[in-house]
Every structure is written in C-alpha cells, then in structure tokens.
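Every chain is numbered from 1 and lettered A, B, ... according to where its sequence line falls, protein lines coming before strand lines. Excluded from the calculations below are hydrogen atoms, water molecules and symmetry mates; all remaining heavy atoms, backbone and side chain alike, are included.
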Amino acid sequence: MAFNRRGFLKFVAGGAVGTALTPLPWKLIDDVSIWTQNWPWIPRIPDGNVESKPSLVKLGATEYGILITTVDGQPITAAGNPNHPLSLGGIDPLTAASVQLLHSPARVSRPLHKEAGGGFRPLSWSKATDILVDKLAPLQGRQGSVACINGDETSSAHEIISALLGEMHSASAQYFMPSEAGTQQAVWQNLLGGQGSLGYDLEGADLILCINADIFGSWGTAIRNQKVISQGQAACLYAGPARNSTAAIADEWVPVLPEKGAHLALSLASLLLQSGWRPKEPVQGLAELSDFLQREYSSKAIPKKTGLSLATVKSLAERLTRAERPLVMAGSLSGLGGDPIILFAGLVLNALLGRVNANGGLRCIPTPPKVLGRAGSVLDTAKNDLCSFVSDLARGKAHKPDLLLVYEANPMYALPNSETTGAALASIPFKISFSQFMDETAAECDLILPAPYFLERLDDSFTPFGSGSANYSMAEPVARPNADVRPTPDFLLDIMGRLGLQTEVGSYEELLTAKANLLGANTRQLLQGSAWQDGTTARQPPLRLWNASIEECLNRLASGATHQMPLSLAVESELKTGTARTAIPPFGLSTLREEELDHNGFAVRLNSQTASELGLQAEDMVELISSTGKCSARLLLDESVIPGTVVVPSGFGHTHWDEYSRGKGDSVFKILDPRFEPGCGRTMWSDTRVKIAKI
Amino acid sequence: MSETMQIHSEFEIRWGMVIDIDKCTGCAACVVACQAENNIPPTPEPFDRLRTVYWIMVYELSNGKPFPHADRAYLPRPCMQCGNPTCATVCPVVATTKDEEGGIVSQIYPRCIGCRYCMAACPYHARVFNWHDPVWPEGLDKTLTPFVSVRPRGVVEKCTFCHHRFQQAKEKARAQGLNPNHLAEDAYIPACAEACPTGAIVFGDLNNPRHRVSKLAKSPNAFRILERIGTEPQVYYHSTRDWVRLQADNSLQREKEKVKQS
C-alpha cells in the first residue's frame with residue numbers, strides 16, 4: 001500500500017485522535033510538573049512521631065510556659081500554653097520564632113578560647129575547666145576580684161553564682177542586666193520602704209492607667225497583660241509619647257512627652273490630694289508630700305509640667321477616683337529600667353489610691369525562698385546597679401575585678417552608652433561568656449563556655465516582673481543539645497568543687513527540686529507545664545512617701561533641666577526585633593514591614609510638624625546624636641508621635657550574631673545617655689535628649 | 001449576588017475568620033506562627049520582595065489626620081478564602097479550586113505551572129510566587145514541619161487556613177467516634193489564630209450558629225475588604241472605628257465623604 005497524501009493525512013489524524021484519547025501525554029505533563037518540583041536541593045519534610053512538650057521560654061523578655069511541637073524529638077514549632085498563668089495560650093513573636101534559634105548560624109558549638117591574634121580556638125570542656133580553675137584559684141580570698149553580669153533574674157542559677165562569688169569573697173559583685181524589675185526593686189525598697197517585690201493584679205482591676213509602660217509590647221508579663229485586658233473586664237488608658245502596642249488597643253491614648261510621664265503621675269497625685277482624697281491605709285510623710293505637690297503641681301503649674309490641659313489631667317484623676325479598683329502601671333518606655341522616677345511616681349499614685357495589697361492593685365510578693373544558705377537574696381542582687389558599676393569602672397572609680405563572668409547577658413550591646421561601657425568591660429583582664437550565641441559580648445570574651453539553649457536545659461523561673469502573684473515554673477529539656485554545651489549552673493558547681501569551695505547541692509536539678517519542695521510545689525506538675533501560684537502577700541508597714549532621698553529626687557525632677565538637644569528620645573521595644581539578650585530571630589526579621597527596615601537601614605519616627613521645624617522630610621537619611629554617641633537611620637513621618645519626640649526602635653544594629661540580625665539598622669543603645677540619679681540611687685537614661693541631622 | 005449565595009449554599013461548613021482590628025497590636029505573632037507552621041523559609045533580606053514569601057501580612061492603617069487626631073490600626077491579611085474566588089476561575093490547570101466542604105480555596109502545588117494569572121486576579125494580594133528555590137540555612141531545615149510540603153521555585157502559594165489542621169481535626173473526630181463534619185468550636189484553629197495573644201483572630205464555621213464567628217460576622221461593625229466587588233470573602237474584620245471600616249473599600253473619595261455624611 002502506497003503511502004500517499006491521503007494515507008499521510010489519515011496517519012496524522014489518527015495519531016492526533018489517539019494521542020488525545022490516551023492518558024499518556026497528560027500523565028507525562030503531570031509527571032514532569034512533579035519531577036521539576038522534586039529537586040534534591042529542596043528540603044524534604046520530616047516524617048515521624050509528633051508530640052507536644054511543655055517548656056518555659058527564657059529569652060530575656062517575659063517568661064511563661066509554652067508548648068513545643070516535636071517530630072521524633074526534634075522541636076519544630078512553639079505555641080502558647082493555655083494552662084500556664086502567664087501565657088493563657090498566647091505567645092509573642094519572639095517566642096514563636098524561638099525554635100529556629102536552636103539552629104541559628106550564630107550558635108557557639110563548643111568551648112572557645114581567644115588566641116593572641118583575636119581569633120578563637122576550639123578546646124575541650126576539660127581544658128576549659130582547667131583554664132578557669134587556674135584563673136580563679138589565685139583570686140580566692142581577694143575581695144571583689146570576681147564579678148558576674150547575670151541576664152536571668154528569675155532563674156535559680158542566681159543562687160549558685162551568688163554562692164560561688166560569696167566563697168570567692170566577692171559576694172556583692174553579681175549584677176543583673178538593667179531591667180524594670182531591678183529598678184523597681186531599688187525604688188520600692190530603698191525609697192518607699194516596701195516589702196518583698198511588687199506584683200500587678202490586673203485580673204482584679206477595673207481601670208488600668210499605663211504611663212509610658214508599653215504593657216502589651218514588652219513591659220512586664222506582656223502576654224498575660226494582653227490576654228487579661230483583651231477580655232474587656234478593665235478599661236485601659238495609655239499615656240505616652242506615641243501610639244505603640246498598648247496605645248493601639250487602649251480605650252484612650254493621652255499623648256505625653258517621655259520625660260513628662262512622671263510629672264503626669266505626680267500631677268494626678270496632686271489633684272487627688274487637692275480634692276480631699278486621702279489614702280485609706282496609713283502612709284508616712286503624707287503631709288510633706290502634699291505640701292510639695294501643692295507647691296510644685298498646683299492647678300496652674302500642671303499644664304506646663306505635663307504638656308496637657310488641666311481639664312485632661314482632671315478628667316484622668318476623676319476616672320481614677322470613680323473607678324472601684326484602679327491600677328496605675330508606670331514604667332520606662334523600653335521596659336528595661338532606666339526610669340526610676342516614673343516608677344516612683346507611679347507607686348506613689350497607687351499608694352495614694354489605696355491600691356497596695358488590694359484586690360486589683362499592687363501586691364507585695366514575699367521574698368522568694370533560697371535553697372543555698374551561702375547565696376545572697378535575689379532581691380538584694382536586683383538592687384545592685386550595673387550601670388553605675390560600669391560607669392565607675394570607665395572613670396577608674398571602681399575596683400576593677402580580675403575576672404568577669406557573663407551569664408545569659410549581652411552587656412556590650414545592651415548597656416546604655418554601649419560603646420563606652422563596653423570598652424570599660426573590655427578592660428577587665430579575663431572575661432568568660434556562658435552564651436549560646438556569638439553575640440557582641442561573647443566575641444569580646446577570652447573564654448566562651450556555651451550554655452544549653454533554653455529548650456535544651458533544665459531551668460526555672462520565679463515570679464517574672466509584672467506577675468500578679470508569686471509563681472514558680474520549671475521546665476526540662478525538650479531537645480537534645482545541638483552543640484557541645486554544658487549547663488552553666490552544673491559547670492559552676494564542678495568548678496567550686498575543683499576549687500575546694502563548699503557546695504551545698506550536688507547538681508542544679510537537686511537545687512530546683514529543693515526549691516520546689518520549699519515552696520510546696522509539685523515538681524512533676526511543674527514539669528508538665530503548670531505553674532505553682534501563691535496569692536499570699538507580705539505584710540506592708542506604712543509606706544514612706546517622704547524622706548531626704550525622695551525630696552532630693554522630687555526637687556531635681558520639679559526643677560527641670562535645660563536641654564541642649566531639641567528632641568526627646570522614646571525607645572520602642574517590640575519583641576519581634578528581639579530583646580537586650582536575644583537578637584532578631586530569622587522569622588522575626590520577616591515580620592518587619594518595608595517602612596520599618598529597608599536597604600537604607602531602619603526607620604525612626606518623627607511627627608511631620610517636628611520634621612518641618614527641623615528642615616527634614618520623609619525618607620531622609622538622618623543621624624541621631626546624643627552626648628554619648630550617634631545612630632544613623634531613615635526618617636519616617638508619623639502623626640501618631642507627639643511633637644518634639646523621636647521614636648527609635650530597639651533590637652537593631654547588631655555587629656555579631658547571624659545574617660538575620662547583623663548589620664540590620666543601628667543600635668539605640670549607643671545614644672542612650674545614662675546618669676546616676678542620687679535620690680533614687682539608680683542610673684536613669686529615660687530623659688536622653690538627641691539632635692537630628694540630615695546625612 | 002444570587003450566584004454568590006448559590007456558591008455558599010453548596011457548603012454545609014464555611015470556615016471563616018473574624019479579625020477584631022481594635023484588638024490587634026500589630027505584634028506579628030500571627031505572621032511568625034504561620035511561617036513556622038507552613039514551612040515558609042526565612043530570609044535575611046526581608047526588603048527583597050523577590051525573596052520573601054508571606055501567607056499573612058500585617059498592614060498598618062492610618063486615618064491620615066495630623067497629630068493629635070492621628071489614629072493607627074493594624075490589619076492582618078491572610079487569604080480571604082473568597083466565596084467567589086477570582087483566582088480559581090482564571091487558573092488554567094485547576095491548581096486552585098474551591099470544591100471541598102469547608103469552603104477553603106485550595107492550592108495544589110504540583111499542578112501549578114507558575115503562570116501567575118491567579119496573582120493578577122486576586123484583589124487582596126494574598127498570593128506569592130516563588131521566584132527562587134526555598135533556602136534554609138544549614139540546621140534550620142531541622143525545624144521543617146511534617147504538615148506542609150516545601151514549595152519549589154516556579155509555583156504560587158498562599159494561606160490555606162492551615163488546611164492540614166482541618167484534616168487532623170477531622171481524623172481526631174473520626175477516631176473519637178464523632179462526626180467530622182460537625183467539629184466543635186476550637187477543634188480546628190489555624191496557627192495564626194492560635195498564636196494571637198489578644199484573641200483578635202477568631203476562627204470557626206460561619207454557618208454554625210454555635211460558633212462565635214457566625215455571630216461576630218453579623219455585627220454591625222463587621223466588614224469585609226473590597227466587599228462590593230462580590231468576591232464574598234470568608235474573612236471578616238471588626239472595628240468600631242468608622243475610618244477603619246471606610247478603608248476596607250477602595251471607594252472614590254467623594255463616595256467616602258457621602259458615607260461619612262450619612
């Protein structure tokens with residue numbers, strides 16, 4: 001049969017019909033699409049046993065119980081723990097991103113020793129132990145020769161560090177990183193004569209007035225704060241310089257310059273007293289305080305002091321007096337201490353309102369028990385002022401320790417005036433960092449002894465700052481260590497043994513079990529994710545509202561200061577950009593909007609009126625200059641910032657860590673201007689002023 | 001509109017969200033929870049839009065007024081799971097459909113040919129295209145979840161209301177001898193709603209009167225974005241602030257003024 005034209009057309013037509021009717025081409029297209037999406041370099045998802053395990057987040061911000069989902073023991077995601085009183089099922093962005101930090105490229109995978117050239121050389125734990133013992137042995141008995149900066153004020157590791165320093169005759173040389181808890185403790189006990197530590201009983205309040213404190217952002221128990229207040233049982237008012245997380249959902253925002261928050265609290269106190277309001281509970285020095293307030297915060301003076309109309313302040317005062325259970329939460333904008341005056345003013349206002357040890361008010365939480373007899377009280381350590389110590393060190397006025405231990409802290413990055421204070425710390429001859437990450441401080445240390453990440457270790461937390469009552473949480477590891485790490489408390493116990501110092505417990509686990517027993521807590525239940533709670537309050541003798549120190553504080557505040565710089569600095573601390581201890585996590589970086597961070601750097605926010613007065617426009621590259629340093633940024637105009645203030649987010653400007661945080665923006669800590677406030681006995685930097693220049 | 005109603009009536013269950021904008025602090029816990037749960041790769045360059053993938057974004061809204069009358073709000077935006085999904089009608093390979101009980105708009109990655117018609121059609125910018133293969137730095141890939149496959153370059157992806165959680169909830173219900181088509185409230189919640197610390201994101205069956213969302217969606221202060229184009233989103237928002245509700249539609253300026261006056 002000849003293959004003619006007709007035959008050819010038949011063949012083509014038959015082929016086309018046959019191809020269309022067979023599944024082959026469709027199957028091939030489908031397979032091709034699958035094959036082209038299964039390249040070997042695309043990660044494969046795991047397959048295994050999925051479990052949920054309780055843990056306790058410890059990243060330098062609020063601590064609470066969480067649930068970690070694991071696949072064959074490998075943590076993959078974090079979620080809030082509904083059974084934990086400080087989570088109530090909620091979670092913050094940093095904690096939600098915490099599992100990925102377990103595998104951060106910045107993890108220190110083994111002990112490292114700094115070489116003469118500045119690089120690090122890996123070494124074994126036994127060798128590292130020998131080095132540390134050799135360094136510590138000659139320092140025994142030499143007072144103040146060893147110091148420690150501790151970034152974890154709720155953990156029982158404090159007791160072991162305290163016992164070690166005590167045995168080394170350096171008992172008072174443990175310092176917590178600057179925090180709201182430490183500053184409040186100093187004010188509460190030293191100025192007001194308060195007992196124990198302070199809690200905020202949000203659950204019982206019907207009106208909450210926040211002054212500067214960003215209670216939904218990073219201040220206190222931020223997740224519990226959000227969970228409780230979003231239930232709508234209490235009205236929430238926010239007074240502060242910008243619409244931050246708290247102002248975003250508060251019932252009302254009252255714009256106040258950062259440095260005028262304390263004036264607002266004292267103005268409210270003055271109006272209360274003027275209206276004949278007297279506290280139900282006895283207080284000391286009320287007459288003197290009343291005289292001072294009448295003199296300095298008269299109705300005529302209040303608008304000038306606060307920048308608000310008298311009617312606005314009166315309205316706030318009336319709302320406080322009309323409420324059955326008002327609660328004032330005043331604190332620093334950053335939630336990192338630095339404003340003892342506003343803490344004091346807030347406590348005074350609460351005291352006048354009769355809210356101390358009251359339902360829905362402030363609660364005097366008894367001093368936590370300690371297991372080690374040789375350890376100091378955690379509340380006493382909280383009163384030690386690290387900033388003063390470092391400042392004195394920089395000026396040669398403090399005794400320089402021979403050896404510095406840094407535990408769970410990154411002071412080279414997060415201390416105010418970080419460049420100068422960092423240099424002061426760098427001058428200490430031998431420094432040891434117990435960091436999980438190659439942070440700014442670890443990079444400057446002589447020895448890095450990596451501690452387990454919080455998901456890899458047994459640890460505890462006693463009553464994080466801002467809690468409503470005493471609580472205790474504990475968590476065991478949910479993951480095998482991802483690096484050659486050793487739990488720092490156990491390591492320090494070994495060191496004490498090697499030095500022949502007395503150790504009262506054999507292990508950290510033994511200490512935590514003993515602490516749980518002291519509290520009457522069930523260890524098994526704690527490890528299952530619940531928390532021990534105790535609503536007992538410490539008996540509070542009449543608070544001192546007036547003494548020489550308070551007078552000095554208030555006179556200095558009332559006299560005001562003449563400013564060389566035109567702008568107030570408002571530090572904004574959001575957990576998606578990390579904490580003073582933890583850098584921006586990989587998933588945290590992804591949450592930043594383009595206006596917050598771009599190729600040109602991070603954004604600082606200024607009101608358009610202020611920008612116009614300064615000759616600036618949106619998107620200008622600017623330099624913020626304080627008396628301590630400079631910080632460069634991109635300018636964003638924001639009408640929800642009070643005129644005369646520049647809002648600068650924290651968490652940017654890391655020089656170490658990993659590619660997710662290193663070189664992203666600039667650090668606000670460089671421009672914080674710390675000064676010692678003698679009345680309060682504490683360093684403050686909340687009144688930092690800056691000028692701004694176009695680059 | 002009658003066609004829209006017909007589409008809704010096809011489903012006995014209609015999963016939906018009501019997001020209370022007045023409760024949102026813009027913290028972005030929802031964004032992080034979504035990324036971790038759904039194997040979205042982290043990027044060290046978040047401002048490089050060719051390398052960033054989002055299933056939920058938090059937009060910042062402003063009322064545009066000067067200080068002190070300026071107001072700000074945050075709007076989390078997942079996929080709206082539209083009742084009339086414009087993305088599904090343009091997809092040439094049926095990679096995205098709305099054909100499963102529950103009304104979740106699917107995205108079938110192996111079928112996707114990367115034409116991005118769906119992206120052009122989506123009025124909510126809820127879809128993203130993988131211009132590059134996903135990259136997890138060494139070690140970070142250990143945190144991949146077993147719930148969602150990793151998407152390669154060349155395909156479009158979007159929020160699925162954590163569809164795997166829906167499947168898990170149904171399996172759990174079957175194992176317990178319960179009806180998987182009548183899940184209890186909170187038996188199935190996407191990762192973003194679970195993470196939200198203020199409870200701003202409420203999730204449930206819009207057709208089930210026992211679920212909170214069915215009541216919240218009927219609130220006079222509830223609204224949907226671009227409602228008048230008829231996509232019938234299953235994501236509702238809630239705000240008592242007029243200016244927030246007005247921004248939900250890209251009305252002409254004069255129309256807004258008319259609404260304000262009324």
Side-chain angles (χ1 to χ4, degrees), chain A residues 33-34 36-37 39 41-48 50 71 74-80 90-93 96-97 99-100 102-103 105 216-217 223 226-227 230 243 245 248-249 255 482 574-576 586-594 597-599 607-609 639-643 659-660, chain B residues 22-29 31-33 35-37 39-40 42-44 46-47 52 54 58-60 62 65-68 70-74 109-113 133-134 136-152 154-155 191 194-200:
Chain A
S33 70
I34 292 170
T36 54
Q37 294 177 26
W39 298 114
W41 55 81
I42 294 170
R44 292 192 175 276
I45 57 174
D47 186 16
V50 178
V71 177
Q74 182 67 47
I76 53 169
T77 58
I91 194 167
D92 66 81
V99 171
Q100 286 69 31
L102 190 63
H103 306 284
F216 296 159
I223 299 304
Q226 292 179 61
K227 278 283 177 187
S230 63
R243 280 193 183 272
S245 302
I249 61 171
N482 193 33
E574 291 187 304
L575 292 178
K576 65 184 179 183
F587 279 146
L589 192 62
S590 306
T591 65
L592 297 173
R593 292 183 296 275
E594 209 163 350
L597 178 74
D598 71 7
H599 291 96
N607 185 291
S608 62
Q609 178 195 326
E639 294 304 299
S640 60
V641 175
I642 192 169
E659 59 182 337
Y660 298 96
Chain B
D22 297 346
K23 279 187 176 180
C24 180
T25 66
C27 75
V31 179
V32 175
Q35 290 180 320
E37 177 93 4
N39 293 334
I40 296 172
T43 170
F47 29 79
T52 50
Y54 293 99
V58 179
Y59 292 96
E60 186 178 305
S62 164
K65 292 185 177 175
F67 176 88
D71 197 2
R72 193 199 279 183
Y74 298 95
Y109 310 118
R111 284 188 194 164
C112 178
I113 56 172
D133 277 327
W136 275 264
E138 188 183 351
L140 247 65
D141 55 348
K142 290 179 182 167
T143 63
L144 285 169
T145 70
F147 313 128
V148 184
S149 61
V150 174
R151 287 76 61 189
V155 301
E194 182 185 68
C196 181
T198 60

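- In this structure, chain A has no heavy atom under 4.5 Å from any part of A73(B).
- Scanning both residues, T43(B) and Y660(A), for their nearest heavy atoms gives C-CE2, 3.6 Å.
- For C196(B), the part lying near chain A is the backbone, with the side chain staying farther off; criterion is any non-hydrogen pair under 4.5 Å.
- With chain B as the partner, the residue from V71(A), D47(A), N607(A) showing the most heavy-atom pairs under 4.5 Å is N607(A).
- Heavy-atom distances place the backbone of D22(B), and not its side chain, under 4.5 Å from chain A.
- The residue among I42(A), L589(A), T591(A) with the most heavy atom pairs within less than 4.5 Å of chain B is L589(A).
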Handout entry: CA sep, side-chain torsions, deciding dist, call: R243(A), D71(B), side chain to side chain contact (heavy atoms under 4.5 Å, CB included)
Key = CA-CA 8 Å; R243(A) 280 193 183 272; D71(B) 197 2; 3.2 Å; yes
Practice task
List the steps and the verdict of side chain to side chain contact (heavy atoms under 4.5 Å, CB included) for N482(A) and K142(B).
Solution key: CA-CA 11 Å; N482(A) 193 33; K142(B) 290 179 182 167; 4.0 Å; yes
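- Shortest non-hydrogen contact noted between S640(A) and A70(B) is N-CB, 3.9 Å.
- For the atom pair CD (Q74(A)) and OG1 (T143(B)), the distance works out to 8.0 Å, reported to the nearest 0.5 Å.
- The candidate from Q226(A), E594(A), E659(A), K227(A) with the greatest count of non-hydrogen atom pairs under 4.5 Å with chain B is Q226(A).
- Comparing V155(B), D133(B), N39(B), V31(B) by heavy-atom pairs within less than 4.5 Å of chain A, the highest count is held by D133(B).
- Proximity to chain B is limited to the side chain of V50(A), based on heavy atoms less than 4.5 angstrom apart.
- The structure places CG of L144(B) at 9.5 Å from CD of Q100(A), a figure rounded to the nearest 0.5 Å.
- Interface summary for chain A: among T52(B), I113(B), T145(B), the most heavy-atom pairs under 4.5 angstrom belong to T145(B).
- A side-chain donor-acceptor contact under 3.5 Å links S230(A) to the backbone of T198(B).
- The shortest heavy-atom contact between A96(A) and A33(B) is CB-N, 4.4 Å.
- Closest non-hydrogen pair, K576(A) versus A28(B), comes out as CD-CB, 4.3 Å.
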Practice task
Start with the C-alpha distance between S590(A) and Q35(B), add both sets of side-chain angles, then the distance that settles side chain to side chain contact (heavy atoms under 4.5 Å, CB included), and finish with yes or no.
Solution key: CA-CA 9 Å; S590(A) 306; Q35(B) 290 180 320; 3.3 Å; yes
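- Once rounded to the nearest 0.5 Å, the distance linking CZ of F67(B) with CD1 of I642(A) reads 4.5 Å.
- In this structure, the portion of I40(B) lying under 4.5 Å from any heavy atom of chain A is its backbone and not its side chain.
- Taking every heavy atom of both residues into account, P43(A) and W136(B) meet most closely at CG-CE3, 3.6 Å.
- The heavy-atom pair separating P146(B) from P46(A) by the smallest distance is CB-O, 3.1 Å.
- Of the atoms belonging to Y109(B), heavy atoms from both backbone and side chain fall under 4.5 Å from chain A.
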